[in-house]
Amino acid sequence: MKQKIAELIEQAVADLISKGALPEDLQPRVQIDNTKDKSHGEFASNIAMMLAKPARKSPRELATMVVDSLPSSQWIEKVEIAGPGFINFFLTDQGGFQIIHEIIEKKQQFGRSTKGAGEKLQVEFVSANPTGPLHVGHGRGAAYGETLSNLLEAVGYQVDREYYLNDAGRQMDILATSVWLRYLQQSGEKILFPSNGYKGDYVIELADQLVSEHSKRFSHDATDVMNSICDDEPAGGNKEQHIDQLIERAKQLLGTEDYRIVFDQGLNSIRADIEQDLEEFGIEYQCWFSERAMMESGKVDAAIEKLQDLGFIDEKEGALWFRSTDFGDDKDRVVKRDNGQPTYFASDIAYHLDKFQRGYKEVINIWGADHHGYMARVKAALKALGENPDRLKIRLVQFAILYRGKERLAMSTRSGSFITLRELRNEVGNDAARFFYVTRKVEQHMDFDLELAKSQSKDNPVYYIQYAHARIASVQKKLQEEGLAWDSNPEQYHLDRLIEPQEKSLINKLSLYPETILKSAEAGEPHLLVHYLRELAGAFHGYYTEHKVLVEDAEIRNARLTLYICTGQIIRNGLTLLGVSAPESM
RNA sequence: GCGCCCGUAGCUCAGCUGGAUAGAGUAACUGGCUUCGAACCAGUUGGUCGCACGUUCGAAUCGUGCCGGGCGCGCCA
């Protein structure tokens with residue numbers, strides 16, 4: 001409808017220009033807004049104010065000219081000029097009812113579009129290190145990434161969801177060593193657990209599995225393990241050195257093959273746990289991309305060599321530096337350490353190059369806000385490699401700070417004291433968790449009070465929306481019980497019987513759904529959809545309490561049922577995109 | 001010190017590419033179930049939009065400078 005009105009205005013302006021009433025070089029950027037106040041009609045345009053200056057006329061005078069030149073339309077009841085020069089459009093009933101027919105016709109397809117034209121996009125999200133279970137901080141990225149993917153699919157893109165698995169590097173070595181040391185403790189060795197190791201209970205469980213599957217295969221005397229290892233921090237030493245020496249000792253005593261078994265035991269088990277956790281949360285990836293596999297394939301070395309060939313690598317102090325300052329970064333970055341090991345950044349370069357080569361129109365990364373410093377260097381590397389860095393879109397997700405009442409909860413994986421995503425899901429439920437996470441825009445810091453979410457779960461907005469859906473389902477059930485049915489023949493809708501103000505505003509809300517989806521998707525802001533659904537549910541609840549559906553008058557009944565069915569459809573469509581269920585009863 | 005994000009009602013947050021009297025939820029208070037589900041509805045109270053300039057017909061929205069909070073600035077991942 002907006003489009004139709006915009007066309008009318010464009011015609012009017014073009015008409016005025018051809019008559020010489022307006023300058024030729026005028027380029028109208030027609031903007032149609034939804035009005036907040038219905039006394040201003042359904043839609044408003046500020047075109048007269050926009051053109052006032054270039055046309056050298058007063059806004060109101062210009063508005064009059066535009067209105068007089070406006071072609072007539074069956075959808076427009078009347079047009080008024082108001083305020084400083086707004087042109088307000090009042091729709092005819094038929095104009096407003098169009099949307100009802102469209103919803104009934106398209107059902108779950110309503111609101112979806114083909115704007116994306118089937119182009120391929122990739123969304124990479126969560127990508128937490130497989131060193132422990134996901135915690136509530138990861139949950140926000142998970143819910144956001146999945147919802148964004150759903151929205152992009154809804155507007156016609158083909159989306160691949162991807163998880164970058166950091167299954168190589170020092171953190172994983174620390175995990176493997178932690179598991180092994182717990183294993184040794186299980187077998188009765190007196191070993192003081194390193195302060196820098198992973199202390200969570202799940203590490204002990206991994207050690208238990210190791211015992212039951214491999215018995216004493218990895219056993220060694222505590223004295224051999226700890227011999228000549230430097231002191232840990234509590235004993236006055238350096239905790240980083242301490243853990244690094246323990247890693248070396250583990251590799252040396254176990255040998256390549258056995259070390260890999262211990263390593264993989266931890267990796268595979270945690271990865272499986274993460275995958276299951278996310279699946280239960282409604283998220284399935286098209287690809288789990290292994291960093292280790294990428295390194296073993298030689299892609300990381302190849303990327304470094306390519307940069308070297310292009311002349312962007314300097315050798316300093318035994319290390320290889322990528323000259324990222326040539327491409328707008330603050331400082332140059334090491335890609336290969338003096339010990340010959342590639343850095344995390346080197347993997348990232350190779351990984352992003354690989355993504356780009358897989359033919360996506362755009363690659364979207366969802367990162368925690370603490371990673372914002374990496375944007376410049378990754379884009380710099382892509383640019384150096386001859387790729388267009390604008391194809392990489394990075395969305396930063398601010399932290400969710402978890403509270404239990406007033407108490408702020410720790411979220412460190414290493415310390416082992418954190419609330420897992422699974423615990424959160426069990427406590428507040430998947431629907432409330434998914435909904436809560438995307439209610440606020442991602443740039444906002446978020447306070448997540450567990451006690452509130454739990455104790456006041458009845459007041460959670462997600463139930464408000466679901467309740468509207470359940471009420472509609474309930475009415476339909478009641479209809480059947482009374483031996484009645486909704487007449488699905490459009491001739492029998494009798495929409496002209498919808499004359500109540502609550503009906504008008506509900507219809508108006510319904511008509512806003514498609515543009516809400518489009519905007520949410522394009523701006524990457526699922527919270528717009530959340531707020532829309534709340535408003536829609538609000539409009540419905542108000543209507544529901546004021547007017548009965550199952551009235552004697554069959555025409556009014558069918559008209560209202562039609563409106564109910566449309567409302568239920570939109571709530572279902574919206575909640576589905578959010579990954580929230582739309583229950584028939586609750 | 002430099003960079004990114006944020007500052008709107010007591011609290012948690014919306015406010016669409018600048019648009020008409022700044023909106024929800026929650027909390028507080030008042031009223032509404034013999035009638036399709038009260039997990040609901042109607043109403044009242046509550047704001048110098050952090051502060052100050054600037055841009056213009058018009059600024060919560062854009063620009064600059066302060067103030068306040070969060071995060072980042074490793075041969076860690």
Side-chain angles (χ1 to χ4, degrees), chain A residues 29 31 33-37 39-40 44 46 49-50 52-53 58-59 82-86 88 128-129 131 166 168-172 174 240 291 316-321 330-331 333-339 341-345 347-348 368-376 396-399 401 439-449 452 456-464 466-468 470-479 481-482 512 515-516 519-520 523 525 527-528 530-532 534-535 537-538 540-551 557 560 564 585-586:
Chain A
R29 194 170 59 97
Q31 181 184 337
D33 292 320
N34 302 307
T35 55
K36 291 179 202 161
D37 187 338
S39 67
H40 296 141
N46 61 354
M49 288 174 286
M50 301 278 283
K53 199 165 193 180
S58 82
F86 288 104
N88 293 332
N129 287 345
T131 53
N166 290 117
R170 180 164 173 266
Q171 291 308 317
M172 286 306 296
I174 294 177
E240 304 291 348
E291 181 189 10
K316 269 187 300 188
E317 298 154 16
L320 295 184
W321 297 69
D330 296 337
K331 50 180 87 165
R333 310 290 175 176
V334 172
V335 288
K336 193 172 261 188
R337 298 176 207 143
D338 55 12
N339 66 8
Q341 290 293 310
T343 59
Y344 172 84
F345 177 47
S347 289
D348 247 5
D370 54 337
H371 281 65
H372 78 254
Y374 288 81
M375 296 171 60
L396 297 177
V397 179
Q398 294 293 327
F399 295 125
I401 304 165
T439 295
R440 292 185 179 113
K441 55 180 180 193
V442 281
E443 306 89 59
Q444 269 287 359
H445 300 105
M446 190 169 98
D447 290 341
F448 202 132
D449 186 344
L452 204 74
Q456 298 201 335
S457 63
K458 273 171 81 172
D459 295 329
N460 191 310
V462 70
Y463 296 109
Y464 183 83
Q466 288 180 322
Y467 185 50
R471 270 182 151 175
I472 290 167
S474 170
V475 164
Q476 287 176 295
K477 212 164 80 185
K478 178 93 177 173
L479 181 77
E481 285 167 11
E482 294 187 4
L512 299 178
E515 63 193 76
T516 302
K519 187 156 181 55
S520 298
E525 296 187 340
H527 75 277
L528 295 177
V530 172
H531 288 273
Y532 166 82
R534 218 222 153 264
E535 283 175 24
F540 172 77
H541 284 309
Y543 175 44
Y544 179 92
T545 35
E546 280 303 312
H547 303 286
K548 279 192 71 167
V549 198
L550 303 180
V551 291
R557 188 174 65 229
R560 291 182 175 174
Y564 266 46
S585 68
M586 47 195 289

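All values derive from a computational prediction rather than experimental measurement. Here is the naming used below: chain letters follow the sequence lines, and residue numbers restart at 1 for every chain.
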Run the ring pair (Phe, Tyr, Trp, His ring centres under 6.0 Å) test against A:Phe540 and tell me which residues pass, sequence neighbours left out. A:Tyr544, A:Tyr564
May I ask you to verify whether the side chain of A:His531 and the base of B:rG15 hold a donor-acceptor pair under 3.5 Å? no
Quiz question: by atom type and distance under 3.5 Å, do the side chains of A:Thr131 and A:Gln171 form a donor-acceptor pair? no
When rounded to the nearest Å, what value does the distance between P atoms of B:rA28 and B:rG37 take? 29 Å
From the list B:rC4, B:rG69, B:rG3, which nucleotide is the closest neighbour of the side chain of A:Leu396? B:rC4
B:rA59 versus B:rG54 - spacing of their C1' atoms, nearest Å: 11 Å
Assigned partner base of B:rU45, Watson-Crick or wobble definition, under 3.5 Å: none
Spacing of the P atoms in B:rU8 and B:rA14 (rounded, Å): 10 Å
With sugar-phosphate meaning primed atoms plus P, OP1 and OP2, does A:Gln466 contact a base, only sugar-phosphate, or nothing at under 4.0 Å between heavy atoms? nothing
Selection from B:rC76, B:rG15, B:rG72 that lies nearest to any side-chain heavy atom of A:Arg337: B:rC76
Closest approach to the side chain of A:His527, judged atom by atom: which nucleotide of B:rC6, B:rG15, B:rC40 is it? B:rG15
Pairing partner (Watson-Crick or G-U wobble, both distances under 3.5 angstrom) of B:rG1: B:rC73
So what does A:Asp338 touch, heavy atoms closer than 4.0 Å: a base, only the sugar-phosphate, or nothing? base
Does the protein touch nucleotides 29-36 of chain B at the base, only the backbone, or not at all? Give it as B, S and - per nucleotide, heavy atoms under 4.0 Å. ------SB
For B:rU21 and B:rG15, measure between their C1' atoms and round to the nearest Å. 15 Å
Go through B:rG70, B:rU12, B:rC41 for me and flag the one nearest to the A:Arg440 side chain. B:rU12
Tell me whether the side-chain N or O atoms of A:Gln398 pair up with the base of B:rC6 as donor and acceptor below 3.5 Å, since no angle test is needed here. no
B:rG68 pairs with, by Watson-Crick or G-U criteria that keep both distances under 3.5 Å: B:rC6
What nucleotide among B:rC6, B:rG72, B:rG74 has an atom nearest to a side-chain atom of A:Glu443? B:rC6
Determine which nucleotide pairs with B:rG23, using a 3.5 Å limit on both distances of a Watson-Crick or G-U wobble pair. B:rC13
Taking the minimum atom-to-atom distance to the side chain of A:Lys331, which one of B:rC73, B:rC41, B:rG15 wins? B:rC73
Rounded P spacing from B:rC66 to B:rG3 in Å: 11 Å
Result for 5'-nearest mapping on RNA chain B, choosing between A:Arg333 and A:Pro342, is A:Arg333
Distance check, C1' atoms only: B:rG18 and B:rC2, in whole angstrom units. 31 Å
G-U wobble or Watson-Crick pairing nucleotide for B:rC62 (cut-off 3.5 Å, both distances): B:rG54
I need a per-nucleotide contact map over nucleotides 17-22 of chain B, read 5' to 3'. Cutoff is protein heavy atoms under 4.0 Å; write B for the base, S for backbone only, - otherwise. B-BBB-
Please report the distance separating the C1' of B:rA24 from the corresponding atom of B:rG47, rounded so that it comes out in whole Å. 14 Å
When you compare B:rC11 with B:rA27, how far apart are their P atoms, in angstrom units rounded to a whole number? 15 Å
Watson-Crick or G-U wobble mate for B:rA39, both contacts under 3.5 Å: none
